[in-house]
Number of protein chains: 2
Amino acid sequence: MSDDTWSPPPVLLTVDLVILTLRESRLHVLLVERAEDPFRGMLALPGGFLNHDGEEILDAAHRELREETALTAGRVHLEQLAVYGDSGRDPRGRVVSVAHLAIAPELPDPIAGTDATDAAWVPVEAVLSGEVELAFDHHRITMDGIERARAKLEFSSLATAFCREEFTIAELQQVYEAVWGTELDTRNFYRKVQAAKGFIVPIGTDRRSTGGRPARLYRAGPKTVLFPPLIRPTPSAPEENTRKEEE
Amino acid sequence: MSDDTWSPPPVLLTVDLVILTLRESRLHVLLVERAEDPFRGMLALPGGFLNHDGEEILDAAHRELREETALTAGRVHLEQLAVYGDSGRDPRGRVVSVAHLAIAPELPDPIAGTDATDAAWVPVEAVLSGEVELAFDHHRITMDGIERARAKLEFSSLATAFCREEFTIAELQQVYEAVWGTELDTRNFYRKVQAAKGFIVPIGTDRRSTGGRPARLYRAGPKTVLFPPLIRPTPSAPEENTRKEEE
DNA sequence: TCAAAAGTGTTTCGGTTACACCCATGA
DNA sequence: TCATGGGTGTAACCGAAACACTTTTGA
């Protein structure tokens, strides 16, 4: 923490959001079409500058989340992801972005925010495959956000943030399958989530669906740390993960 | 990413470092005594403002690290930790800090940097217990850095960053024991690190010490992701970790 | 030949997998 | 009564913990 006599160069601080949700059992990320230069017309993560001096970074993230999704705090998970500050990332000058990861249950269609002409849920495979191009370094931020979500499903109760207040174990399993991109054994999954005491707690009632036995309903439990964890299946072989590591 | 007509408020960006090392088999963090207000005379993490327009954040972190420890890149691990930007955290105004985690092998005594009257290695228990007080929100940053290191030892080869280029398995074990604050079974540890292929590779020679069989020497291997991981023993019981989670 | 540190073998045990099987509902 | 999805039982398997035991050095 320096205190030199010269005035250090100020930077502009933005908040960007990787908002993930499930739609039709597939993982989606919210993207907006930029209404202004730079990158006008291109897809980007929702976000924006801090709106007045003194606004907290986390508050700004909540505000942007509200503006884009009408999600009020409480029913959303929001956490800091990382800072992206490479000098070349924004043509307007030195703009440093504090990226956040948000997890939401399935929502009605998004509303256009102040900075975006349009907003839409995009399947993450379309982003990961490079099929859709994103403004700034938002492609990388999105990948980092997805990887964070994948990793946290193993050891935390984050998965419940994808669900509505009441959910079945089958719905919870769909979360894991969609985020990890794998298939899981229903029977074993059933016991594993119950073995992690405090992860989910049964609500008395059942949910009857078309055909088949009714499923018990659950609510998110008090624990955020899963023990034992739900280890994600190795995609095929954990080989050749040599010297890189996202830092 | 906003593009409104009003000018968003600029902030001052600093880089702070949680530099961890082992000294006499105990985990230490590097702290400096502040030479200037605010918090003059108090202990703080090394760090400072970006030094000219266009300096990359990671470069600034490397520069601060060099200034405090004479560590050149290469033999150090340095990664971004998190952003701390609460409006009240710095009495000078809106100062946002990008905290970094650095891991270094045992070093000669630190050199005073430009911003510090003195720098010293402090055992982390002294910080965690609240025995030493830190300036700004550096106590919290330090705790977050230590927790990050503890977590990464499980799944990454980070532990080798605490060692010199050549090390024995016993030395590596001391790293795990010091960082986790636990004792490990020598025999099982021995096999586990060898089972994680690519973690450490034997160099031909042995190191003879006073009394006892010579130990084989190893070097850090090519893999950064450990498989299987070295799970950290549950401190006693994994109970009551309810609704908090560092975010 | 003894102490000390390095390294090996082996048993036990808990968690995961794989899969056969039973349960409850709507059509 | 049958198809469908929910939920239970259980044997095989595998990695981790625990610990007895052997090896190689210096004193």
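Protein chains get the first letters and strands the later ones, always in sequence-line order, with residue 1 at the start of each. No experiment lies behind these values; they were computed from the predicted model shown.
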Between atom [atom1] in [X] and atom [atom2] in [N], what is the gap in whole Å?
X: B:Ile231; N: C:dT16; atom1: CD1; atom2: C1'; result: 14 Å
X: B:Asn188; N: C:dT12; atom1: CG; atom2: P; result: 16 Å
X: A:Phe227; N: C:dG15; atom1: CZ; atom2: P; result: 7 Å
X: B:Arg191; N: C:dT11; atom1: CZ; atom2: P; result: 13 Å
X: B:Tyr190; N: C:dA6; atom1: OH; atom2: P; result: 9 Å
X: A:Leu230; N: C:dG15; atom1: CG; atom2: C1'; result: 12 Å
X: B:Arg207; N: C:dA4; atom1: CZ; atom2: P; result: 21 Å
X: A:Gln194; N: C:dT16; atom1: CD; atom2: C1'; result: 16 Å

Just so I know, are the side chains of [X] and [Y] near enough to count as touching, which here means a heavy-atom distance under 4.5 Å?
X: B:Leu30; Y: B:Glu68; value: yes
X: A:Leu45; Y: A:Val18; value: yes
X: B:Leu172; Y: B:Phe162; value: no

### Task
Classify the nucleic acid contact of B:Ala170 as base, sugar-phosphate or nothing, counting any heavy atom under 4.0 Å across all strands shown.
sugar-phosphate
### Message
At 4.0 Å (heavy atoms only), tell me whether A:Arg216 reaches a base, stays on the sugar-phosphate, or touches nothing.
### Response
sugar-phosphate
### Message
Test side-chain hydrogen bond (donor to acceptor under 3.5 Å, both in side chains) on B:Gln174 and B:Ser25; report intermediate values, then the result.
### Response
CA-CA 6 Å; B:Gln174 286 187 358; B:Ser25 304; 3.2 Å; yes
### Query
If you measure from the Lys or Arg side-chain nitrogens to the Asp or Glu carboxylate oxygens, is any gap between B:Lys152 and B:Glu79 under 4.0 Å?
yes
### Query
Minimum heavy-atom separation for B:Gly85 to A:Ile57, with atom names?
CA-CD1, 3.9 Å
### Task
Would you confirm whether the ring centroid of B:Tyr218 sits within less than 6.0 angstrom of the ring centroid of B:Tyr190?
no
### Query
Given the rule in the side-chain hydrogen bond (donor to acceptor under 3.5 Å, both in side chains) test, do B:Tyr84 and B:Asp16 qualify, once you have shown the distances and angles that lead to the verdict?
CA-CA 10 Å; B:Tyr84 299 84; B:Asp16 286 315; over 6 Å; no
Where do N or O atoms of nucleotides 25-27 of chain C meet protein N or O atoms at under 3.5 Å, pair by pair?
| from | atom 1 | to | atom 2 | distance (Å) |
| --- | --- | --- | --- | --- |
| C:dT25 | O2 | A:Gly212 | N | 3.3 |

### Task
Walk along DNA chain D from 5' to 3' and tell me the first and last nucleotide with an atom closer than 4.0 Å to a non-hydrogen atom of chain A.
D:dT4 to D:dT10
